[in-house]
Amino acid sequence: MWIMDCERKMLIDAKYFSINKIIGGGKAKKWAIHAYSQTSAAITLTGVICACFSDEDRAIAELEKVAAFAEENPGKVYKFSK
């Protein structure tokens, strides 16, 4: 699944996603969705931050949207909002 990050500076072929807590991110950026690719070594190891959220429930809700989009729109690009 192709993913464009929230800053619209990176487009990756994401195979895996995770929600991680950010330490020192401030109140608005406590949780992040990371995307990982099998095609790029750097992205496979570190991942790309796609979006940041103030609470874990919002991050989970957004990841559920990504999953629904992937099922309904194979081959299209998912763009995270800023």
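Keep in mind that what you see is a predicted model, and the values were worked out from it rather than measured. As a basis for the values below, the full set of heavy atoms in this structure was taken, side chains included, without hydrogen atoms, waters or symmetry mates. In this chain, numbering begins with 1 at the start of the sequence shown.
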> Which atoms form the tightest heavy-atom contact between His34 and Asn20, and what is the distance?
Replying inline: ND1-ND2, 2.7 Å
>> If I compare all heavy atoms of Ala51 with all of Cys6, which pair ends up nearest, and what's the gap?
In response: CA-SG, 4.4 Å
> Where is the tightest heavy-atom contact between Cys52 and Lys29, given as atom of each residue plus distance?
Replying inline: CB-CG, 3.8 Å
> For Trp31 and Ile19, which heavy atoms make the closest approach, and how far apart are they?
Replying inline: CE3-CG2, 4.0 Å
>> I need the Met1 CE to Lys15 NZ distance, nearest 0.5 Å.
In response: 11.0 Å
>> Applying side chain to side chain contact (heavy atoms under 4.5 Å, CB included), can you list everything that pairs with Tyr16, at least two apart in sequence or on another chain?
In response: Tyr36, Gln38
>> Can you tell me how far apart NZ (Lys21) and NZ (Lys30) are? Round to the nearest 0.5 Å.
In response: 6.0 Å
> Are any side-chain N or O atoms of Asp13 and backbone N or O atoms of Trp2, one a donor and one an acceptor, separated by less than 3.5 Å?
Replying inline: no
> Is the backbone of Ala14 close enough, under 3.5 Å, to the side chain of Ser37 for a donor and an acceptor to pair up by distance?
Replying inline: no
Show me the side-chain donor-acceptor pairs of residues 58-80 shorter than 3.5 Å, one per line, residues at least two apart or across chains.
from: Glu62; atom 1: OE2; to: Tyr78; atom 2: OH; distance (Å): 2.6
from: Asn73; atom 1: ND2; to: Phe69; atom 2: O; distance (Å): 3.3

>> Show, in sequence, the C-alpha distance, side-chain angles and deciding distance for Ser18 and Ile33, and conclude whether the side chain to side chain contact (heavy atoms under 4.5 Å, CB included) test is met.
In response: CA-CA 6 Å; Ser18 67; Ile33 295 177; over 6 Å; no
>> Please determine whether residues Ile49 and Leu11 belong to a single hydrophobic cluster, defined as Ile, Leu, Val, Met, Phe, Trp and Tyr linked transitively by side-chain heavy-atom distances below 4.5 Å.
In response: no
